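Read the structure below first, then the notes.
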Amino acid sequence: MIHFVGAGCGAADLITVRGQRLLREADVVIYAGSLVNPALLDCVKKGAKICNSAEMTLEEVLGVMYDAEEKGLATVRLHTGDPCLYGAIREQMDALEEKGIAYDYTPGVSSFCGAAAALNMEYTLPDVSQSVVITRMAGRTPVPERESVRAFAAHKATMVLFLSTGLLEKTQAELIAGGYGPDTPAAIVYKASWPDEKTVVCTVGTLAESAKENGIRKTALIIVGDAVRQSGYARSELYNPAFSTEFRPAKE
Ligand code: SAH
């Protein structure tokens, strides 16, 4: 059995209880060494085989899985954050399905959640934004034209950019060309939930400069939109005494 597990975005105690149990019970662990905190491996049992997928190809990862499966071992494939975002899990799952190998999937705390926590931020403020666009600039992996940062920028919703910290000059130009004003608040969150986490609040027009000043080149998320200001919002209707909900009558 292969267990895909989200490691969470950094801090070793941000993995789920289920994920940690699977790690403790695993005979083989394949972890994404570029972004998974190695402290997570402290709970792995003695004698378990540990492989760092940062140094492996897909074929090599699958080879380790097939080998473990033949021996009847339990394998954990540990991905950073939650595997559903930029995790390259589908290609692994398809290969396992082709071989008739069973797998399951345990989610994790994505870095876009870790970044909100680092900023004490609510992405969806009433009257400010009710949507979060999760996207990236095109890199080696292309982004479909209809999903360009420029196209999404027209909505002026809260935007979280993954995998784009190395391209900030271009990113900020695209954000502005698409519709965010240069003064729109923005934030850079470096290594959310890690001991060396860093947050920088700036504006769309100063993203590249702010990252440079703070020596941030990778492992960061860019958060854009008026919600970064965390003010000027309407209070919630859910907790408004004048409104009844399914669980609570209105108060006179
Ligand atoms: N599946 C992961 C994302 C993998 S893509 C998740 O759910 O978070 C890798 C990118 O994620 C990095 O380039 C960076 O943009 C972002 N990232 C991952 N961990 C991060 C962290 N702790 N803080 C800030 N950004 C992070």
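No experiment lies behind these values; they were computed from the predicted model shown. Numbers for residues simply follow the sequence, beginning at 1. When a ligand or atom number is given, it counts from 1 through the structure's own listing order.
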For ligand 1, the residues whose heavy atoms come within less than 4.0 Å (ordered by chain, then number) = Cys9, Leu35, Thr80, Gly81, Asp82, Leu85, Tyr86, Ser110, Ser111, Phe162, Leu163, Val189, Lys191, Ala192, Trp194, Thr219, Ala220, Leu221
query = Strictly by modelled atom types, are Arg77 and Ser53 linked by a side-chain donor-acceptor pair under 3.5 Å?
reply = yes
task = Look at atom NZ of Lys191 and say whether more than 12 heavy atoms of other residues, nucleotides or ligands are closer to it than 6.0 Å.
result = yes
Flag for Tyr105-Asp82: side-chain donor and acceptor within less than 3.5 Å = yes
query = Quick one: do the Tyr103 and Glu97 side chains pair a donor with an acceptor below 3.5 Å?
reply = yes
key: Check: Ile223 and Met159 side chains under 4.5 Å, non-hydrogen atoms   = no
request  = Only pairs at least two apart or in different chains count here, so list each ring pair (Phe, Tyr, Trp, His ring centres under 6.0 Å) that has a residue in residues 161-215.
outcome  = Tyr86-Phe162
